Amino acid sequence: QVQLVESGGGLVQAGGSLNLSCAVSGSIFSINGMGWYRQAPGKQRELVAAIDSDGSTNYADSVKGRFTISGDNAKNTVYLQMNSLRPKDTAVYYCAAEVLKYFGSSPDDYWGHGTQVTVSS
């Protein structure tokens with residue numbers, strides 16, 4: 001069973017930093033890409049940052065220059081370093097992964113349970 005386990009959320013003052021991590025566990029063949037999404041109260045879930053298996057990255061405009069996504073292929077883990085945090089960054093952050101469970105299989109999407117990030121003003 002494939003699982004994504006997130007950690008690193010919490011409460012921080014504006015201007016502070018947090019580092020989120022997400023590890024994929026279970027029997028898999030490969031990971032096409034991973035990403036971080038967030039959902040604030042009353043708003044739709046949005047992409048924050050994503051990284052492909054070749055290391056290429058993509059960021060939401062609102063976090064460019066402040067957040068950095070990175071991955072450790074050997075550990076099937078993705079990180080999100082968040083600097084210069086703002087109250088508008090407050091949300092539940094979800095990790096997602098596109099996974100091939102075995103060679104030749106179709107990709108499946110998996111999600112973590114989410115971790116709360118709260119930025120106080």
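The model shown is predicted, which means the values in this text are computed figures rather than measured ones.
- There is no path of hydrophobic side-chain contacts, each under 4.5 Å, that joins Ile51 to Tyr79.
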Before you tell me yes or no, could you show the steps for Ile69 and Trp36 under side-chain contact (heavy atoms from CB on, under 4.5 Å), namely the whole-Å CA-CA distance, both residues' side-chain angles and the distance that decides it to 0.1 Å? CA-CA 8 Å; Ile69 189 169; Trp36 288 97; 3.8 Å; yes
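- From Leu4, atom CG reaches atom OG of Ser25 across 7.5 Å, with rounding to the nearest 0.5 Å.
- In this structure, Phe67 CZ and Leu20 CG are separated by 8.5 Å, a value rounded to the nearest 0.5 Å.
- Partner of Tyr37 under the ring-ring contact (aromatic ring centres under 6.0 Å, His included) criterion, chosen from Trp111, Tyr93, Tyr94: Trp111.
- Taking OG from Ser30 and OH from Tyr102, the interatomic distance works out to 12.5 Å, rounded to the nearest 0.5 Å.
- Nearest heavy-atom pair, Glu98 versus Pro107, reported as atom, atom and distance to 0.1 Å: CG-CB, 3.6 Å.
- With Val117 as the partner, the side chain to side chain contact (heavy atoms under 4.5 Å, CB included) test is satisfied by one option alone out of Thr90, Leu80, Leu11, Leu18: Leu18.
- Under the 4.5 Å side-chain contact rule for hydrophobic residues, Ile31 and Val2 share a cluster.
- The backbone N or O of Gly114 lies less than 3.5 Å from a partner atom in the side chain of Glu6, making a donor-acceptor pair.
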Check against side-chain contact (heavy atoms from CB on, under 4.5 Å), Met82 and Val12: CA-CA 11 Å; Met82 305 185 293; Val12 65; over 6 Å; no
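- With hydrogens and angles disregarded, no donor-acceptor distance shorter than 3.5 Å links the side chain of Asp52 to the backbone of Asp54.
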Could you go through the side-chain contact (heavy atoms from CB on, under 4.5 Å) check for Arg38 and Ser62 one step at a time? CA-CA 12 Å; Arg38 67 186 180 188; Ser62 60; 3.3 Å; yes
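- Close placement of the Phe29 and Phe103 rings is indicated, their centers lying within 6.0 Å of each other.
- Asn58 places a side-chain heavy atom less than 4.5 Å from the side chain of Leu47.
- The two residues Thr68 and Tyr59 have their closest heavy-atom pair at CA-OH, 3.4 Å.
- Ion pairing between a basic and an acidic side chain is recognised when a charged N comes within 4.0 Å of a carboxylate O; Asp61 and Lys64 show such pairing.
- Shown here for Pro87 and Ala14, the closest heavy-atom pair between the two residues is CD-CB, 4.1 Å.
- Distance check: Ser27 OG to Gln1 CD gives 12.0 Å after rounding to the nearest 0.5 Å.
- Side-chain N/O atoms of Asn32 and Ser53 include no donor and acceptor closer than 3.5 Å.
- Nearest heavy atom pair, residue Ser7 against residue Ser21, reads OG-OG, 2.7 Å.
- Shown here for Ala97 and Met34, the closest heavy-atom pair between the two residues is CB-CG, 3.9 Å.
- Residue pairs meeting the disulfide bond (SG atoms under 2.5 Å apart) criterion with at least one partner in residues 77-121, sequence neighbours excluded, are Cys22-Cys95.
- When all heavy atoms are compared, the tightest approach of Ala23 to Thr77 is CB-OG1, 3.7 Å.
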